[in-house]
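Ligands are counted one by one from 1 in listed order, and the atoms in each one are counted from 1 as well. Not measured: the values here are computed from a predicted model.
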Amino acid sequence: MEKLLKTAQSLFKEAPNNIALLANASAFIMDNFPYLNWVGFYLKSDNYLILGPFQGKVACEKILINEGVCGKAFFNNEVIAVNDVNLFDGHISCDSNSKSELVVPLVKNNHKIGVLDLDSYLFKRFDEETINAVKAIVNALMGSYNFSS
Ligand code: SME
């Protein structure tokens with residue numbers, strides 16, 4: 001985990017702008033966490049979360065804030081891990097292969113930027129260890145996120 005975090009930190013430091021940062025972050029997570037079918041970002045714009053850099057199948061482009069797992073995690077500023085997406089009221093299905101999901105809000109200097117969304121084709125993919133690792137990576141990511149790029 002520490003090694004993974006260090007690699008992430010040096011990768012993120014190299015990013016010339018936020019698109020490059022988020023694009024490589026999604027690829028890095030997809031590469032280093034098994035059993036995922038989708039990893040990507042949704043970024044706040046007015047009342048919506050808009051699709052950002054991602055890895056995986058084509059996904060919904062706009063999610064209303066407070067809708068779906070992403071909108072709820074963003075609105076409440078909380079990490080949400082869903083063991084079975086079929087049991088989450090209001091889950092937005094982009095890829096029918098997705099069985100469980102983890103959404104981590106992106107916050108920097110008290111500004112809510114968006115969310116990181118991970119989907120797995122396995123039920124109950126997101127155990128505590130994975131959640132903590134992803135949170136640490138998001139923390140490193142926010143360290144390199146630049147409001148003016
Ligand atoms: N399942 C998400 C929508 C985004 S996709 O999974 C890529 C949700 O309920 O917010």
Quick one: ligand 1 N/O to protein N/O pairs below 3.5 Å?
unit_1   : atom_1 : unit_2 : atom_2 : d
ligand 1 : 1 (N)  : His91  : NE2    : 3.3
ligand 1 : 1 (N)  : Ile92  : O      : 2.7
ligand 1 : 1 (N)  : Glu101 : OE1    : 3.0
ligand 1 : 1 (N)  : Glu101 : OE2    : 3.1
ligand 1 : 6 (O)  : Asp117 : OD2    : 3.3
ligand 1 : 6 (O)  : Asp119 : OD2    : 2.8
ligand 1 : 9 (O)  : Val69  : N      : 3.0
ligand 1 : 9 (O)  : Ile92  : N      : 2.8
ligand 1 : 10 (O) : Val69  : N      : 3.0
ligand 1 : 10 (O) : Cys70  : N      : 2.9

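- When all heavy atoms of Gln55 and Met30 are compared, the closest pair comes out as O-CE, 3.7 Å.
- Linking ILVMFWY side-chain heavy atoms closer than 4.5 Å, directly or via other members, places Leu51 and Leu106 in two distinct hydrophobic clusters.
- Atom CG of Leu64 has more than 12 heavy atoms from other residues, nucleotides or ligands within 6.0 Å.
- Applying the ring pair (Phe, Tyr, Trp, His ring centres under 6.0 Å) rule to pairs touching residues 128-149 yields His111-Phe147, Tyr145-Phe147, sequence neighbours excluded.
- A single hydrophobic cluster is seen to contain both Ile113 and Val134, as judged by linkage of ILVMFWY side chains at heavy-atom distances under 4.5 Å, directly or through other members.
- Side-chain atoms of Asn37 come within 3.5 Å of backbone atoms of Tyr121 as a donor-acceptor pair (strictly under, hydrogens ignored).
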